[in-house]
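One structure below.
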Amino acid sequence: MTRKIAIYPGSFDPITYGHIDIIKRASLLFDEVIVAVARNLGKTPLFSEEERVGMIEEAIRELPSVRVDSFNGLLVDYARSIGAQAVIRGLRAVSDFEYEFQMALVNRKLDEHMITVFLMPHEKYSYLNSSIVKELARFNGEVSCFVPPHVEKQLLEKMRKK
Ligand code: ADP
């Protein structure tokens, strides 16, 4: 039987407990989950690609079926190149829906075999995103309930240098 492989793409700038919640749920459904850091996003990230990959690596250390990678260009091309059948996306609130719906349909148009799977995080993470975490860290707000300790440490170091 073919191994079921899913990609979880995003900017992960930085990875939060919300992302980790989705990764864990996806790992229960698929043989392999690849967390894929998108390189060519319009937004300028706070963390470099290497830093983002490193923080994800540390966060998934205890999940044997999960690995991290990064990619350029179209998601469907990358998915095909590694033999993934599905794309995982997190749905936090209705506000995520329109954009995610559009992306899923475009990806299906580009590759009719590409399946998008939406997963809901625990409700305590439903208002959480990386931007909020960065904003909090910038003003010395408490972020320990939103990101793992190693991410908090890197966030604080980054803000100190800014
Ligand atoms: P962000 O929206 O925080 O910048 P990304 O671009 O890295 O995050 O998002 C990658 C995927 O993870 C998207 O599908 C996004 O909806 C999802 N996601 C981000 N934060 C959460 C969260 N707190 N709970 C569930 N899914 C999330």
Side-chain angles (χ1 to χ4, degrees), residues 5-30 32-60 63 65-76 78-79 82 84-108 110-111 114-139 141-152 154-155 158-159:
I5 304 173
I7 295 176
Y8 179 35
S11 42
F12 304 103
D13 186 38
I15 188 165
T16 69
Y17 282 137
H19 295 125
I20 296 168
D21 177 296
I22 297 294
I23 293 169
K24 286 184 176 160
R25 287 176 205 277
S27 72
L28 300 174
L29 297 173
F30 291 90
E32 193 175 347
V33 175
I34 297 162
V35 183
V37 175
R39 284 198 205 114
N40 54 347
L41 291 170
K43 32 191 177 180
T44 312
L46 175 66
F47 291 100
S48 69
E49 180 193 331
E50 290 70 28
E51 288 170 325
R52 285 179 282 152
V53 166
M55 285 186 277
I56 296 169
E57 250 160 19
E58 175 79 30
I60 62 172
L63 300 169
S65 61
V66 183
R67 65 182 175 90
V68 58
D69 194 8
S70 49
F71 73 103
N72 254 328
L74 284 180
L75 180 63
V76 289
Y78 169 67
I82 59 169
Q85 301 92 345
V87 172
I88 304 289
R89 297 291 290 174
L91 272 189
R92 284 161 285 194
V94 185
S95 50
D96 278 340
F97 182 78
E98 204 163 301
Y99 174 73
E100 294 293 344
F101 186 70
Q102 193 181 13
M103 285 299 296
L105 289 180
V106 169
N107 284 333
R108 187 190 281 170
L110 295 172
D111 181 345
M114 190 52 59
I115 296 170
T116 302
V117 176
F118 294 107
L119 296 174
M120 282 187 327
H122 189 285
E123 64 213 36
K124 67 183 173 197
Y125 302 130
S126 62
Y127 57 89
L128 176 59
N129 67 33
S130 301
S131 307
I132 289 174
V133 169
K134 284 181 279 193
E135 205 60 19
L136 278 173
R138 190 164 291 135
F139 299 111
E142 182 65 43
V143 293
S144 59
C145 44
F146 302 134
V147 296
H150 70 281
V151 175
E152 180 181 9
Q154 274 183 256
L155 260 171
K158 186 68 94 182
M159 294 308 170

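In each ligand, atom 1 is the first atom listed, and ligand 1 is the first ligand listed. Counting begins at 1 with the first residue of the sequence. What you see is a predicted model; the values in this text were computed from it and never measured.
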Nearest non-hydrogen atom to [atom] belongs to which of [options]?
atom: atom 23 (N) of ligand 1; options: Ile22, Asn129, Leu128; answer: Leu128
atom: atom 2 (O) of ligand 1; options: Glu100, Met103, Arg92; answer: Arg92
atom: atom 14 (O) of ligand 1; options: Pro45, Pro14, Gly90; answer: Gly90

Would you call Glu135-Arg138 a salt bridge at under 4.0 Å N-O?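 The answer is yes: the pair qualifies as a salt bridge.
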
Pair Asp21 + Lys124, salt bridge at N-O below 4.0 Å: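 Looking at Lys124 together with Asp21, the answer is no, because their closest N to O distance does not fall below 4.0 Å.
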
Give, for atom CG of Leu155 and atom OG of Ser144, the distance between the pair rounded to the nearest 0.5 Å. 11.5 Å

Other residues, nucleotides, ligands: >12 heavy atoms within 6.0 Å of Lys158 NZ: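 Counting neighbours around NZ of Lys158, more than 12 heavy atoms of other residues, nucleotides or ligands fall under 6.0 Å, so yes.
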
Is the number of heavy atoms from other residues, nucleotides or ligands under 6.0 Å of Met159 CE greater than 12?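 Yes, CE of Met159 has more than 12 neighbouring heavy atoms, counting only those of other groups under 6.0 Å.
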
Within the 4.0 Å heavy-atom shell around [X], which atoms of ligand 1 are there?
X: Arg89; answer: 10 (C), 11 (C), 13 (C), 14 (O)
X: Phe12; answer: 7 (O)
X: Pro121; answer: 24 (N), 25 (C)
X: Ser11; answer: 4 (O), 5 (P), 6 (O), 7 (O)

With backbone taken as N, CA, C and O and side chain as the heavy atoms from C-beta onward, which portion of [X] lies under 4.0 Å from ligand 1: side chain, backbone, both, or neither?
X: Tyr8; value: side chain
X: Ser126; value: neither
X: Met120; value: neither

Using a 4.5 Å cut-off on heavy atoms from C-beta on, say whether the side chain of [Y] contacts that of [X].
X: Pro121; Y: His19; result: no
X: Tyr125; Y: Thr16; result: no
X: Arg52; Y: Ser11; result: yes

If I apply the N/O under 3.5 Å rule, does Leu91 come out as touching ligand 1?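 Checking ligand 1 against Leu91, no N or O pair falls under 3.5 Å apart.
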
Can you find an N/O atom of His19 closer than 3.5 Å to an N/O atom of ligand 1? yes

Taking the six-membered ring for Trp, are Tyr127 and Phe146 parallel (under 30°), tilted (30 to 60°) or perpendicular (over 60°)?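 Geometry flag for Phe146 against Tyr127: perpendicular rings.
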
Ligand 1 contacted by Ala38 (non-hydrogen, < 4.0 Å):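 For ligand 1, residue contact (heavy atoms, under 4.0 Å) with Ala38 is absent.
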
